[in-house]
Structures are given as C-alpha cells and as structure tokens.
Amino acid sequence: MGKQVKRRGHVEERPNGRYRAVAYAGIDPLTRKKRYLKKTVDTPQQAEIELTKLLNQIDERRHPRSAVTAGEVVDMWLDVAELAVKTRRRYVQLIAAYIKPTFGDRPVAELDVELLERFYARLQRCNKLCSGTRRRGHTCKPLSGSTIRQIHFIIRASLDRAVRWKYLGINEAALSEPPAFGSPAPDPPSAEEAAELLNDAWRDPAWGMMLWLVMVSGCRRGEACALRWTDIDLERRKLSIARSVFEDDGTIHEKETKARQERRVTLDSYTVELLRAYRAACEEQCKSLNVEL
C-alpha cells in the first residue's frame with residue numbers, strides 16, 4: 001500500500017448545530033505549537049467552501065503565522081522603531097490609553113478594515129469610546145483628528161512589521177482610512193500687532209532678536225532656540241536652519257528639523273545690521289566675564 005497522505009483540514013459539526021472549517025497552518029514560530037485556522041458557518045456546504053478558502057490562504061502564504069495578540073505586535077514594533085524621545089513617549093501614552101484597552105488581548109489577525117474604521121469613528125465621537133448612551137456625569141468629547149491619525153500610524157506600522165516578520169499575511173490597517181486632516185485656521189498678528197509685540201520684546205535684546213528672527217525667517221520655536229552664530233553668514237546675508245531643540249524632564253535635547261533637511265534663508269540688510277549690533281553686545285558681555293564668544 002502507498003503512504004497515506006494526512007489531511008490538511010476538515011469540517012466538524014459543532015454542538016450548537018453549526019459547522020466549522022479547520023485547516024492546519026503549520027507550527028507557530030513563537031509557541032512552537034500546531035497552528036489551525038478556523039471558520040464557523042451555518043451549513044456543511046458553506047464550511048467546505050470556507051475550508052477551501054483557508055487552505056488557499058495557507059498555500060499563498062496570506063495567513064497569519066502566529067496567534068500573537070495586537071498588544072504583543074505593538075510592543076514588538078516599539079522595540080525596533082526609531083523614534084525621537086518625545087515621539088516615543090507620546091506613542092506609549094496613546095498605546096496605553098486607546099490601543100491596548102481596545103485591542104490588546106485580541107489576536108492581531110482579527111484586526112480588519114471594518115473594525116479599525118469603526119474604532120476611529122467612535123474616537124471621533126468620544127475619546128472615552130462610550131456607547132453613545134447618556135450617562136450622568138459624562139460628556140462626550142471627540143478625540144482630535146491628528147491624534148487619531150497618530151493612533152492609526154502606530155497600528156499600521158505595527159502590523160506592517162508583523163507582515164514583514166511573517167506573523168501576519170496582510171496588513172489590514174494599510175487599507176483602512178483614518179480621519180482626514182482638518183483645515184487649519186491660522187490667525188497671524190496684523191502688522192500693528194507685530195510691531196507692538198516687537199517693541200515690547202526689544203526691552204530684552206536677546207528676546208527681541210529671537211522674536212525678530214522668527215518673524216523674518218518663519219522658523220519654528222525649537223529651530224530658533226537651536227541657532228548658533230556659525231549658522232549665520234553676515235557677509236553673504238544667509239541664515240542656515242539645520243537643527244532643532246526640545247526640552248524633556250528639564251534636559252535640552254537636540255534633533256533634526258521637522259522636515260529633516262537644512263533650509264537657507266536670505267536676510268534683509270536691516271536684519272543683518274540688527275545681528276551685527278547684537279553680536280557686538282554679546283562679545284562685550286563675554287569680555288566682561290573674561291571669556292570669548
């Protein structure tokens with residue numbers, strides 16, 4: 001007799017009268033246990049169809065390779081993600097507040113487009129993910145669109161890593177749509193208001209010079225605080241914006257600009273004269289302390 005081929009899947013009847021398709025999907029790379037894909041339906045005919053689909057997923061390597069949870073996948077992504085200090089801290093907060101309480105213990109393979117988009121929609125209605133029913137002492141407050149997009153980025157990046165590491169067959173988050181960015185409504189100061197601000201700021205030359213540079217260059221606050229004299233070429237009237245700084249727990253950290261590239265700004269002659277005068281004042285201050293600028 002020839003060698004008997006072991007079946008890769010079967011249909012079984014459940015105690016409640018429904019039928020379940022069960023397909024063998026190999027060994028779980030994490031637990032080293034046998035892994036099965038299952039789908040429960042109403043009739044044996046439907047179960048046979050689902051069994052064929054499950055086996056096709058396995059043959060085409062579109063099935064999850066492991067029964068890891070969404071929380072485990074997010075933690076694995078955090079271990080390897082290259083994030084700035086403040087960004088990592090913010091992401092850890094969002095994971096603890098929204099992602100893990102909702103999906104943490106759920107198998108990551110269960111996260112699909114519908115589930116994610118409904119999750120985002122509920123956050124848009126209430127940041128507490130309430131059911132919508134009125135409760136004493138509770139007022140629904142929507143989560144901002146930008147915060148929901150950050151949550152979406154965390155989920156998408158985590159699932160993308162899970163696909164790369166073969167714990168998942170497809171990244172459903174890549175197909176889902178987070179809320180669109182809201183239209184900004186900037187309210188810049190008028191010329192009169194800007195002049196009033198500058199006149200008040202120049203009572204402290206350092207503060208006045210910084211505020212003036214922010215206005216004429218359009219740089220961000222962290223970029224302005226990171227400027228050095230070596231970034232300024234007074235002869236060629238050029239300002240280079242190459243880095244930014246931020247404060248974290250009382251410590252100043254330096255990082256790239258938000259756009260991750262250096263920008264050069266041409267300075268007008270009046271700004272150059274202000275910088276020359278300010279540099280001379282700084283040199284005098286250093287001289288009085290017996291140090292060089």
Side-chain angles (χ1 to χ4, degrees), residues 83-91 93-94 120 123-127 139-154 177-282 285:
L83 302 170
V85 176
K86 287 185 71 175
T87 302
R88 179 175 292 274
R89 176 174 295 179
R90 175 59 173 160
Y91 285 179
Q93 291 173 344
L94 294 176
Y120 301 148
L123 287 174
Q124 282 184 289
R125 292 191 294 269
C126 180
N127 60 10
T139 301
C140 289
K141 296 180 180 179
L143 201 62
S144 70
S146 61
T147 300
I148 298 174
R149 292 185 73 89
Q150 287 181 312
I151 293 171
H152 170 72
F153 171 80
I154 295 169
E177 292 186 1
F181 282 112
S183 299
D187 183 22
S190 65
E192 293 77 15
E193 290 171 333
E196 187 177 348
L197 286 170
L198 287 168
N199 287 334
D200 185 68
W202 275 110
R203 290 186 293 182
D204 177 352
W207 176 234
M209 189 73 253
M210 178 179 171
L211 190 59
W212 179 269
L213 282 178
V214 169
M215 288 190 175
V216 299
S217 69
C219 63
R220 296 179 173 86
R221 289 171 297 177
E223 294 170 344
C225 291
L227 288 176
R228 302 168 183 164
W229 283 112
T230 51
D231 297 322
I232 301 174
D233 187 336
L234 294 176
E235 297 301 323
R236 298 174 61 194
R237 303 197 313 181
K238 296 291 183 183
L239 170 66
S240 297
I241 302 172
R243 71 194 71 80
S244 181
V245 296
F246 67 94
E247 183 270 338
D248 183 62
D249 284 343
T251 302
I252 301 298
H253 300 268
E254 188 174 286
K255 64 173 184 176
E256 298 175 303
T257 63
K258 192 166 186 176
R260 298 189 176 183
Q261 60 184 8
E262 183 177 346
R263 307 194 307 280
R264 289 181 174 84
V265 179
T266 300
L267 301 174
D268 61 273
S269 57
Y270 184 67
T271 299
V272 170
E273 291 306 312
L274 287 175
L275 285 167
R276 289 187 192 277
Y278 180 64
R279 182 179 175 90
C282 290
Q285 187 179 23

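When a residue number appears, it is its place in the shown sequence, counting from 1.
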message: Taking R228's backbone N and O only, do any of them form a donor-acceptor pair with D231's side chain (distance below 3.5 Å, no angle check)?
response: yes
- prompt: How many angstroms lie between CG in L197 and CH2 in W202, if you round to the nearest 0.5 Å?
  reply: 14.0 Å
message: For the backbone of L213 and the side chain of S217, can you confirm whether one donor and one acceptor N or O come within less than 3.5 Å of each other?
response: yes
task: Count the heavy atoms of every other residue, nucleotide or ligand shown that sit under 6.0 Å from CD of Q93, and state whether that count exceeds 12.
output: yes
- line: Of all heavy-atom pairs linking V245 and A226, the shortest is CG1-CB, 3.7 Å
message: Distance check, rounded to the nearest 0.5 Å: T271 atom OG1 versus D268 atom CG?
response: 3.5 Å
message: Can you tell me how far apart CG (L123) and CD1 (I148) are? Round to the nearest 0.5 Å.
response: 5.0 Å
query: With a 4.5 Å heavy-atom cut-off, do R243 and L227 have their side chains touching?
result: no
task: Evaluate the side-chain proximity of L239 to V216: yes if any heavy-atom separation is below 4.5 Å, no if none is.
output: no
message: Between L274 and M209, is the side-chain contact (heavy atoms from CB on, under 4.5 Å) condition met? List the steps.
response: CA-CA 8 Å; L274 287 175; M209 189 73 253; 4.1 Å; yes
message: Between S190 and E193, is the side-chain contact (heavy atoms from CB on, under 4.5 Å) condition met? List the steps.
response: CA-CA 5 Å; S190 65; E193 290 171 333; 3.3 Å; yes
statement: Taking every heavy atom of P142 against every heavy atom of Q124, the minimum-distance pair comes out as CB-O, 2.7 Å
query: Looking only at heavy atoms, which two atoms of M210 and C225 are closest? And how far apart?
result: CE-SG, 3.5 Å
field: Distance, nearest 0.5 Å, that separates CG of L234 from CG of L267
entry: 8.0 Å
- prompt: Does the R149 side chain pair with the main chain of P179, one donor and one acceptor, at a distance under 3.5 Å?
  reply: yes
message: So R237 and S269, do their side chains get closer than 4.5 Å, heavy atoms only?
response: yes
- prompt: So, does E223 use its side chain to make a donor-acceptor pair with the main chain of R220 at under 3.5 Å?
  reply: yes
- prompt: Excluding sequence neighbours, so at least two apart, what forms side-chain hydrogen bond (donor to acceptor under 3.5 Å, both in side chains) with R203?
  reply: D200
Smallest separation among heavy atoms of A224 and C219, with atom names: CB-SG, 3.7 Å
Heavy atoms from other residues, nucleotides or ligands near CZ of R264 exceed 12 (cutoff 6.0 Å): no
statement: Applying side-chain hydrogen bond (donor to acceptor under 3.5 Å, both in side chains) to K255 and not counting sequence neighbours gives none
message: Are there over 12 heavy-atom neighbours, none belonging to E254, within less than 6.0 Å of that residue's CD?
response: yes
- prompt: Do the non-hydrogen side-chain atoms of R90 and K86 ever get within less than 4.5 Å of each other?
  reply: no
task: Please indicate whether R221 has more than 12 foreign heavy atoms, meaning atoms of other residues, nucleotides or ligands, lying under 6.0 Å from its CZ.
output: no
field: D248 vs T251, side chain to side chain donor-acceptor pair (under 3.5 Å): CA-CA, chis, key distance, verdict
entry: CA-CA 5 Å; D248 183 62; T251 302; over 6 Å; no
query: How would you list all residue pairs meeting ring-ring contact (aromatic ring centres under 6.0 Å, His included) that involve residues 230-270, not counting sequence neighbours?
result: W212-Y270, F246-H253
- prompt: What distance do L94 atom CG and T147 atom OG1 have between them, rounded to the nearest 0.5 Å?
  reply: 6.5 Å
- prompt: Quick one: side-chain contact (heavy atoms from CB on, under 4.5 Å) partners of R125, sequence neighbours excluded?
  reply: A121, R122
query: Can you list the residues that meet the side-chain hydrogen bond (donor to acceptor under 3.5 Å, both in side chains) rule with S146, with sequence neighbours excluded?
result: S144
- request: Sequence neighbours left out, what passes ring pair (Phe, Tyr, Trp, His ring centres under 6.0 Å) with Y120? Give chain and number order.
  value: H152
- request: Would you tell me whether T266 and K238 have side-chain atoms, one donor and one acceptor, within less than 3.5 Å of each other?
  value: yes
